[in-house]
Structure formats: C-alpha cells, structure tokens
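Atoms considered below: every heavy atom in the structure, side chains included; atoms not considered: hydrogens, waters and symmetry mates. Proteins come first, then strands; the chains are lettered A, B, ... in the order of their sequence lines, and each starts at number 1.
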Number of protein chains: 2
Amino acid sequence: MTTVGPPDSESESAWLAAYDPTAFTPIAVTVDVVALTIRRLPDSGAKALHVLTIRRGAMPYEGRRALPGGFVRAAENEDLDQAAVRELAEETGLAAHGGGESGALAAAPLLSRLHLEQLGTYGTPGRDPRMRVVSVAYLAFAPDLPEATAGGDAAAAHWVPVAELDPGRDPEGLAFDHARILADGLERARAKLEYTSLATAFAGPEFTVTELREVYEAVWGEPLHAGNFHRKVLSVPGFLEDTDTTTARGGARGGRRARLYRAGGARLLHPALLRPSREETL
Amino acid sequence: MTTVGPPDSESESAWLAAYDPTAFTPIAVTVDVVALTIRRLPDSGAKALHVLTIRRGAMPYEGRRALPGGFVRAAENEDLDQAAVRELAEETGLAAHGGGESGALAAAPLLSRLHLEQLGTYGTPGRDPRMRVVSVAYLAFAPDLPEATAGGDAAAAHWVPVAELDPGRDPEGLAFDHARILADGLERARAKLEYTSLATAFAGPEFTVTELREVYEAVWGEPLHAGNFHRKVLSVPGFLEDTDTTTARGGARGGRRARLYRAGGARLLHPALLRPSREETL
DNA sequence: CTGGTTATTCTCGACTTGAGAATTTCTACT
DNA sequence: AGTAGAAATTCTCAAGTCGAGAATAACCAG
C-alpha cells in the first residue's frame with residue numbers, strides 16, 4: 001500500500017506490520033536500459049538489431065559487458081524515467097553535456113526521437129553480489145544512432161548485434177542478470193511490433209515501406225513477404241501517412257523510386273501484424 | 001548497470017558517477033497488489049470484476065481506500081514476488097497464518113490457483129508525501145475468492161466492483177497514485193485476455209464455455225456473441241481441454257447441461273480473441 | 001535502347017469473422 | 001406424459017483477411 005516508515009505508527013492496527021523496522025535495511029534502486037537500434041552490419045551490410053552495451057570498469061564482473069545504467073538520484077528528486085534517459089545520454093555521449101534535465105526525452109537533442117518505456121523490475125536477492133539492489137529496467141528504441149561510445153567518460157560503450165550476445169554464441173555473457181533483462185526486452189520489442197506502431201520509432205522521420213519492412217525483419221529475425229507486407233501496412237488505418245514524395249533515386253543497382261511515408265497518428269495497429277512464426281511461451 | 005556503492009570504487013572511470021554519494025539518500029521499496037477476481041454483484045446477481053482494497057488506518061490518506069501492499073523485507077532477503085504474495089495473503093487473511101514462505105505461490109493454500117505477474121514500478125518523487133518510495137506493482141488474478149477481509153490484522157479489506165472505483169463515480173478515489181496503478185492493471189488484464197489463456201485463471205479447475213465467456217464479459221465490460229465465442233475458443237489449439245463430462249444440471253430455469261472443460265496447455269492464444277471495441281491508446 | 005533491379009499491385013484459393021438463426025437437450029409446470 | 005421456455009451448441013452465409021505466387025511499373029547503368 002505504499003505506506004512508509006515509523007511516523008504516525010502508534011496504531012496497533014494491521015499496519016503495524018508494515019512499519020516493521022526491518023523495512024529499513026537499505027535497498028539500492030538503479031535503472032538499467034536496454035537500448036535498441038537498427039544498424040547495418042559492418043561486413044554483410046545487412047540491417048540488424050543492435051543493443052547498447054558498456055564494458056564494466058570495476059569489480060564485480062570487471063571487463064564484462066553490461067547494460068548501461070546506474071543509480072536513481074534520490075537526493076535530486078529524480079524520476080525513474082529521467083534517470084533512464086540520463087544514464088542513456090551519459091553512456092552514449094549524446095548530449096551528455098549541457099542539456100537541461102527538464103522534460104524527460106527533451107534533454108538530449110540527438111535522443112529526441114527516442115521511444116522509452118518501462119520493461120520490468122528485477123530485485124532478486126543476490127543479483128548483485130554486494131548488496132540488495134532493485135533495478136528498474138527500461139526499453140529504448142531509436143533510429144540508427146551514431147557509434148554511441150565515448151560517453152564523455154564511460155568505459156567503452158558499443159552497439160553490439162544482439163545475435164552476438166545469444167546465449168551459446170557468447171562465451172562470457174553479460175554481467176549480473178543482464179542477459180535475462182536483455183532477453184525480456186527483446187521479447188517485448190518483438191511483441192510490440194506486432195500490435196503497435198513502434199516500428200516507426202526505429203525509422204527516420206520519413207521512410208519507405210521497404211525500410212519499415214527491414215525494421216520488422218531485423219527485429220523479428222525473419223524475412224517477410226514484401227507484397228503482403230506492403231498491402232498490410234497500408235491497409236491499417238493511421239499507421240502510415242503518405243508524403244506524396246518519393247526517394248530521390250531508385251536503388252544503387254537500379255530500380256523504381258520508393259514512395260515516402262511518415263508515421264501516422266495511430267499507436268495501436270488494427271488489425272495487428274502477426275509474426276509468421278512464434279513460440280509457445282509466456 | 002546495477003553497479004552499487006562505495007566498495008571498489010577507486011577507479012576514476014565513468015563509473016565514478018554511479019558511485020555518487022547522493023545515491024545513498026534512502027529509497028523505500030514497497031510492493032502494491034492489484035488483485036482481481038470475478039464475483040456476483042450482491043444485487044443484480046450479475047458477474048462483475050472486483051478488486052481487493054483495504055481501508056487505510058493511518059495518515060496520510062487515513063480512512064481512504066488503497067491497494068494492499070507493503071514493504072519488501074530486505075532484511076529477510078525477500079524476493080519481490082514473495083513480498084507480493086505475502087502482502088496479499090496477509091491482507092486477504094487467506095493462509096496468513098502458519099504458511100511457510102518458501103515457494104512463492106505455494107504459501108497460501110487458498111491462493112494456490114493464483115496467477116501473479118509484475119505490472120510496473122511507480123517511483124515518481126512525491127507520490128508518497130513522507131519520503132521517496134518506489135513501489136513495484138503486481139497484478140493478481142484468482143477464481144472467485146471468499147469475502148477476503150479480516151486479514152488476521154488488516155484494517156477492513158474488501159472486494160469492490162471496479163465499476164465503483166471509476167473516476168467520476170468514486171467521490172474520494174484511492175490513496176496515493178493507486179487509481180493510476182489500478183487503471184494500468186485493468187488495461188493490462190483486458191489486453192492479456194485477448195492473447196493469452198489467462199481467463200482460465202479466473203475460473204475454477206473445470207468450467208463451461210459460458211462461464212468462460214462471462215469472465216471475458218466481466219473483464220471487458222461488454223457482451224459477446226455466445227455462438228461465435230463458442231466456436232472461437234474451441235478452435236484455438238490448446239486453449240480448452242474437454243473433460244467428457246457435463247454439469248450435473250442445466251440452468252435453474254431450465255436449459256441444456258453444459259459441457260465441462262479444463263484449461264489446456266496453451267499459454268498464448270492463436271489466433272487471438274479480440275475485443276469488439278477498443279480505444280486508440282497505448 | 002536493353003537487361004537487371006526494386007517498388008507496387010493483382011489474383012486466387014483457404015480461412016476467419018460477425019450476425020442471425022436453427023437445433024438439441026433440459027427444467028418447471030400443467 | 002406433454003408443453004413452454006431456457007440455455008448450450010451448431011449452422012449458414014456474406015464480407016473480410018491472409019499467404020503464395022505472379023504481373024506491372026518505374027528506374028539505373030551502360
């Protein structure tokens with residue numbers, strides 16, 4: 001019930017239990033961010049889903065990769081969402097400097113088109129070997145971001161193809177329970193692409209249907225039928241808004257110019273775009 | 001990144017920021033539970049969605065209704081999920097006594113068929129007037145539970161029809177930001193009924209298609225076409241499993257006996273059962 | 001002007017849906 | 001026993017959606 005502490009607790013009512021002194025064993029509250037973007041693979045040139053990771057500079061898990069994150073600044077009355085944006089900005093180096101810390105997403109110019117949402121909270125005792133830590137995880141989507149890194153100060157920060165972190169392909173794995181958090185974030189992202197217009201958050205302000213399809217293919221990790229995809233996205237009311245313009249040129253190797261669209265007002269997709277395959281999980 | 005505290009922080013790296021002393025302004029961590037069940041309305045006899053509320057016995061918001069909840073017992077190494085189950089058990093009086101606190105849902109016998117999932121975390125500064133509180137909210141579904149109340153100790157606990165708490169119909173509203181949490185919980189519940197087999201968690205071990213439909217109608221708050229609903233649920237693979245038995249009697253005023261089913265293994269519904277109406281929100 | 005490339009539109013058969021209605025099986029009451 | 005009304009289950013049918021596989025259209029390089 002969110003009641004708190006010793007004050008006004010002389011009642012012998014049930015609430016006495018809640019005012020138990022054990023409640024005051026300190027618990028640290030942090031935020032971790034699963035930041036996703038779509039970029040081209042250096043080699044194949046294909047578009048793939050990438051996640052932002054940093055390299056830990058201290059024990060425990062020193063040298064291990066981890067999700068960016070850090071303490072919620074309680075003393076500064078920082079909101080959870082604000083903390084997530086701040087950590088992301090600091091870690092990516094994007095607008096880490098100068099930016100006022102007023103309106104959440106407004107702080108960092110380069111992070112302006114960012115979509116941010118809470119993913120879940122992880123607080124199992126022992127997840128951090130040093131003390132009890134409850135971490136609120138956030139999921140962030142952004143259009144192709146620059147080689148983040150160099151967060152002004154942070155240890156190496158890099159966009160890593162999520163495929164590389166797949167348990168089995170990744171020898172050491174992420175620090176703490178971050179592999180689990182990442183997995184939850186990916187599943188959430190894949191699911192939200194089905195019934196929300198979130199995919200447009202990965203694209204620029206104007207994009208082609210093919211680019212949008214590539215977003216879906218990168219996140220879902222499977223090819224989609226171009227024709228049917230085209231028909232489908234244009235039939236969902238409010239999903240795409242025609243700009244009446246086309247790309248300046250066709251493909252590098254020839255080909256028709258593609259029509260440009262911008263995100264329409266709809267937030268929910270009706271009917272939804274369902275993944276061809278999916279597993280029986282929950 | 002879930003890193004913590006002073007120890008091993010003599011590095012001048014970026015992490016220094018994370019080790020900022022301000023991080024140690026205490027933050028209290030609590031759990032709040034949105035517990036839902038379906039019961040008959042005392043008057044009309046119709047089935048309606050109810051939420052468990054308690055009456056606050058202390059300031060602030062003394063006398064106001066609130067969601068059950070309380071501190072996470074850090075000193076006892078209590079997991080967040082455990083804390084939610086414990087609070088629910090204490091508040092409902094169901095198995096508040098004796099029960100070991102081992103396996104989460106196993107503690108309280110009467111709560112055994114309970115479905116529990118994390119809803120979200122609410123930590124806006126000022127949501128509790130006394131101190132900084134970060135509350136992890138949980139959503140719980142259970143089949144028709146007894147008139148909970150009398151949690152051994154708790155101030156009056158009651159199942160309240162959610163319609164009664166609707167902003168506008170409810171003069172005072174819930175304490176803290178609990179109205180918001182409840183709203184989020186309801187939306188989540190309504191959404192999950194669409195694409196998961198969660199509805200069966202509101203029904204007994206064996207139920208009829210009509211009872212299942214009543215669950216959907218109570219949660220969604222709108223009538224469904226009986227015939228189409230029947231066809232639909234039976235066509236989703238793994239949703240319902242035939243028991244080859246029927247109810248002992250038809251309806252009180254006559255009528256055919258209904259076939260009994262139990263929940264099948266499926267957790268996700270394919271294809272989904274979509275709400276007839278829905279708003280454009282996210 | 002030509003061949004290869006990319007975008008967009010069509011076709012068609014298999015399903016799925018919503019509405020409305022028919023059937024089947026019961027209970028209560030003459 | 002026989003009948004009316006109730007509740008569960010099954011059907012019908014037209015409209016909409018989907019996946020596969022083309023067919024068209026518009027472009028680029030040479």
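Using a 4.0 Å cut-off on heavy atoms, the residues of residues 225-233 of chain B that approach DNA chain C are His225(B), Asn228(B), Arg231(B), Lys232(B), listed by number.
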Just the table, please: protein N/O against nucleotides 23-27 of chain C N/O, every pair under 3.5 Å.
unit_1	atom_1	unit_2	atom_2	d
dT24(C)	O2	Arg256(B)	NH1	3.1
dT25(C)	O2	Arg256(B)	N	3.4
dC26(C)	O4'	Gly255(B)	O	2.9
dC26(C)	O2	Gly255(B)	N	2.8
dT27(C)	O4'	Gly254(B)	N	3.4
dT27(C)	O3'	Arg249(B)	NH2	3.1

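Nucleotides of DNA chain D lying under 4.0 Å from heavy atoms of chain A occupy a range whose first and last members, 5' to 3', are dC18(D) to dA29(D).
Residue Leu269(B) contributes atom CG, which lies 14 Å from atom P of dT16(C) at whole-angstrom precision. One can place CG of Leu224(A) at 17 Å from C1' of dT8(C), the figure rounded to the nearest angstrom. Atom NE2 of His270(A) is separated from atom P of dT17(C) by 13 Å (rounded to the nearest Å).
Across Thr200(A), Leu193(A), Leu198(A), a single residue satisfies side-chain contact (heavy atoms from CB on, under 4.5 Å) together with Thr196(A), and that is Leu198(A). Among Thr243(A), Asp242(A), Thr246(A), the one residue that satisfies the side chain to side chain donor-acceptor pair (under 3.5 Å) test with Arg259(A) is Asp242(A).
Residue Arg180(A) qualifies as open at atom CZ: its count of foreign heavy atoms under 6.0 Å is 12 or below.
Mapping Ala258(B) and Ser235(A) onto DNA chain D via the closest heavy atom, the residue that lands nearer the 5' end is Ala258(B).
Taking the charged nitrogens against the carboxylate oxygens, Arg275(B) and Glu194(B) do have a contact shorter than 4.0 Å, which makes a salt bridge. Ion pairing between Glu217(B) and Lys47(B) fails under the 4.0 Å rule for side-chain N and carboxylate O.
Tyr261(B) has its ring centre no less than 6.0 Å from the ring centre of Phe207(B).
Ring orientation note: the planes of Phe141(B) and His115(B) are tilted relative to one another, at an angle of 30° to 60°.
Residues Val219(B) and Phe202(B) are in side-chain contact: their nearest non-hydrogen atoms beyond the backbone lie under 4.5 Å apart. For the pair Val215(B) and Glu211(B), the minimum side-chain heavy-atom distance is 4.5 Å or more.
Asp81(B) and Tyr138(B) form a side-chain donor-acceptor contact under 3.5 Å, judged by distance and modelled atom types alone.
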